[in-house]
Amino acid sequence: MSQLDRHDVLLLAELQRDARQTVQQLADAVGLSSTPCWKRVKEMEAGGIIRGYTALVDREKVGLALCVLAEVNLTRHSEDEVRRFEQAVAATPDIVGCYATTGAADYMIKVLVPDIKSYEAFLHNVAFRLPGVTHVRSSVVLKEVKSETRLPLVPEGPAVEAVPRRSRSR
């Protein structure tokens, strides 16, 4: 699938809003019939545009109250050292995000742990032992102002009139 059209973008936006919708609900929301809607979703899955479906879990309600953003610097930037660091990060469950960056840090990592004692243990037992790490600078998140998983997809072209949803009475 080389290029997304307006209906594809609308489908992706709807799936990001609620991936548990039926094909008929998706079709109604984007102005298609069921079969073309289903085919488009399957094509986007096969093409890797849709990588999967997941549940959004409230981290605090499952005991991961502390979120830390940490800047990480490596001693060397050889291909082997970078690959070993990135593989170790990928295998570390407490690290839920890792970004190679420009600026003062080589990487930014997002770490979720129960509390500050757990983060201290994470630093000593994991972060400082990651391959090639020379420096870690931590910032504790005091409050999450915004944490979105949706991509800001905006369909091109003229505005499509929203299809009113039928009310369901039981």
Rounded to the nearest 0.5 angstrom, the CG-CG distance for Asp106 and Asn73 is 4.5 Å
Check: Quick one: are Leu15 and Gln21 in side-chain contact, heavy atoms under 4.5 Å?
Finding: no
To the nearest 0.5 Å, atom CG of Leu74 lies from atom CG of Leu130 at 9.0 Å
Original post:
Is the shortest heavy-atom distance from the side chain of Val82 to the side chain of Tyr107 under 4.5 Å?
Top reply: yes
### Task
Run the salt-bridge test on Arg83 and Glu86 with the 4.0 Å N-O cut-off and return the result as yes or no.
no
What donor-acceptor contacts under 3.5 angstrom involve side-chain atoms of residues 139-152, with partners at least two apart or in another chain?
{"residue": "Glu144", "atom": "OE2", "partner": "Arg59", "partner atom": "NE", "Å": "3.1"}
{"residue": "Glu144", "atom": "OE2", "partner": "Arg59", "partner atom": "NH2", "Å": "3.2"}

Heavy-atom nearest pair, Arg129 first then Asn125, reads CD-O, 3.5 Å
Practice prompt. Look at the side chain of Glu71 and the backbone N and O of Met108, then say whether any donor-acceptor pair between them is shorter than 3.5 Å.
Written response: no
*Using a 4.5 Å cut-off on heavy atoms from C-beta on, say whether the side chain of Leu11 contacts that of Leu26.*
yes
What pairs of donor and acceptor atoms, side-chain ones from residues 92-100 against any protein atom, are under 3.5 angstrom apart with sequence neighbours left out?
{"residue": "Thr92", "atom": "OG1", "partner": "Ala88", "partner atom": "O", "Å": "2.7"}

Got a list of side-chain donor-acceptor pairs under 3.5 Å for residues 110-124, not counting sequence neighbours?
{"residue": "Asp115", "atom": "OD1", "partner": "Lys117", "partner atom": "N", "Å": "3.3"}
{"residue": "Asp115", "atom": "OD1", "partner": "Ser118", "partner atom": "N", "Å": "2.8"}
{"residue": "Asp115", "atom": "OD1", "partner": "Ser118", "partner atom": "OG", "Å": "2.8"}
{"residue": "Tyr119", "atom": "OH", "partner": "Ser138", "partner atom": "OG", "Å": "2.6"}

With a 4.5 Å cut-off on side-chain heavy atoms, are Lys42 and Lys39 touching?
no
* Under 3.5 Å, side chain of Asp8 to main-chain N/O of Asp5, donor-acceptor pair present? -> yes
*More than 12 non-hydrogen atoms from neighbouring residues, nucleotides or ligands closer than 6.0 Å to CZ on Arg137, yes or no?*
no
Indicate yes or no: does Arg40 engage Glu43 in a salt bridge with an N to O separation below 4.0 Å. no
**OP:** Kindly say whether Thr22 contributes a backbone atom to a donor-acceptor pair with the side chain of Gln25 at under 3.5 angstrom?
**Re:** yes
